[in-house]
Asks: 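Quick one: the structure is below, and I'll ask about it shortly.
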Amino acid sequence: TQLLEQSPQFLSIQEGENLTVYCNSSSVFSSLQWYRQEPGEGPVLLVTVVTGGEVKKLKRLTFQFGDARKDSSLHITAAQPGDTGLYLCAGEWLQGAQKLVFGQGTRLTINP
Amino acid sequence: SAVISQKPSRDICQRGTSLTIQCQVDSQVTMMFWYRQQPGQSLTLIATANQGSEATYESGFVIDKFPISRPNLTFSTLTVSNMSPEDSSIYLCSETKEGYYGYTFGSGTRLTVV
């Protein structure tokens, strides 16, 4: 059973379009993190959201944490071919045994 | 953020043998972790590497198969024991500091068992 359900798992769109990736769970997290991974490399942190309802913007990327701290979304505006990659959401628990668990990932392809 | 050096970057091993992967962080960290990633898929947490004590393993992973050491704050090893082709995967180490909400990952070790 996947603790974090990420959708869609694959997405191929044209340059200039907008897209949203969703990350849902029945668990409450201390933080929700988004990573991007390139082939042959480890995941690189994009953003961490901590407070329920929090919204963070990183240029054309907008990240939102649900009010109940169980879900999150990543919205990309005017997607560019350079946005192509594997996007991973991850939930962190800080109480008890601290750890980070990942969703299934979204493989995003932006076509020129 | 910390820089993680992980080696080897890749290896091809015979079934039944063992491989030890090393992870070195350039600064003292609080937490170190080991993950497995099947090609094209997401990361699965194997265990938390605890300094000076036994690692904490996630469900489905056992110490006899994946012994982990962490002799100090900046270094950890993961051994994949008695390998089978099903162990072919990418293994990554990760670190974070207490109170800091981001994790840094090594580049991974791509293991192929033949």
Side-chain angles (χ1 to χ4, degrees), chain A residues 1-10 21 23 25 27 29-51 54 56 58 63 65 69 72 84-109, chain B residues 1-10 21 23-25 29-51 53-61 68 89-111:
Chain A
T1 303
Q2 190 74 27
L3 195 60
L4 274 168
E5 295 289 339
Q6 189 172 340
S7 63
Q9 294 187 39
F10 298 92
V21 178
C23 185
S25 176
S27 298
F29 294 102
S30 302
S31 75
L32 204 298
Q33 304 176 17
W34 287 89
Y35 291 81
R36 176 175 168 176
Q37 186 178 23
E38 302 296 334
E41 299 294 330
V44 175
L45 179 68
L46 294 174
V47 78
T48 300
V49 284
V50 177
T51 306
E54 182 176 5
K56 282 191 175 179
L58 190 66
F63 304 86
F65 200 11
R69 292 161 58 204
S72 181
T84 294
L86 179 64
Y87 290 81
L88 298 155
C89 70
E92 181 184 34
W93 288 290
L94 293 178
Q95 290 78 27
Q98 178 178 349
K99 59 184 177 182
L100 188 73
V101 293
F102 283 82
Q104 301 100 317
T106 295
R107 188 162 298 281
L108 175 63
T109 302
Chain B
S1 60
V3 175
I4 297 181
S5 300
Q6 188 175 336
K7 59 181 182 182
S9 59
R10 59 178 61 232
I21 302 167
C23 180
Q24 178 73 54
V25 187
V29 300
T30 305
M31 310 288 290
M32 293 183 75
F33 307 87
W34 287 96
Y35 287 84
R36 183 171 70 183
Q37 184 175 29
Q38 304 284 1
Q41 297 188 22
S42 187
L43 284 76
T44 300
L45 180 62
I46 297 172
T48 301
N50 299 310
Q51 186 203 354
S53 65
E54 191 172 290
T56 304
Y57 290 85
E58 297 299 304
S59 176
F61 298 95
I68 289 170
S89 191
I90 301 168
Y91 294 85
L92 301 104
C93 69
S94 174
E95 66 83 20
T96 190
K97 295 178 180 62
E98 189 172 359
Y100 175 70
Y101 298 112
Y103 289 61
T104 303
F105 289 82
S107 296
T109 296
R110 182 178 292 271
L111 170 63

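Chain letters run A, B, ... following the sequence lines, proteins first and then strands; every chain starts at 1.
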Asks: Given that the side chain runs from C-beta out, which part of B:L43 has a heavy atom under 4.5 Å from chain A: side chain, backbone, both or neither?
Replies: both
Asks: Which salt bridge (Lys or Arg N to Asp or Glu O under 4.0 Å) pairs, counting each pair once, include a residue from residues 37-46 of chain A, with sequence neighbours left out?
Replies: A:R36-A:E38
Asks: So which part of A:L88 gets closer than 4.5 Å to some heavy atom of chain B, the side chain, the backbone, both or neither?
Replies: side chain
Asks: At a 4.5 Å cut-off on heavy atoms, which part of B:T48 comes close to chain A: side chain, backbone, both, or neither?
Replies: side chain
Asks: A side-chain contact here means heavy atoms from C-beta on lying under 4.5 Å apart; do B:T96 and A:Q98 qualify?
Replies: yes
Asks: What part of A:Q9 lies closer than 4.5 angstrom to a heavy atom of chain B: side chain, backbone, both or neither?
Replies: neither
Asks: Are any side-chain N or O atoms of A:T106 and backbone N or O atoms of A:P8, one a donor and one an acceptor, separated by less than 3.5 Å?
Replies: yes
Asks: If we define contacts as heavy-atom pairs under 4.5 Å, which of B:Q6, B:E58, B:R10, B:Q41 has the most with chain A?
Replies: B:E58
Asks: Answer whether the closest heavy-atom distance between the side chains of A:V47 and A:F63 falls below 4.5 Å.
Replies: yes
Asks: Name all residues meeting the ring-ring contact (aromatic ring centres under 6.0 Å, His included) criterion together with B:F33; count only those two or more places apart in sequence or in a different chain, and write none if there are none.
Replies: B:Y103
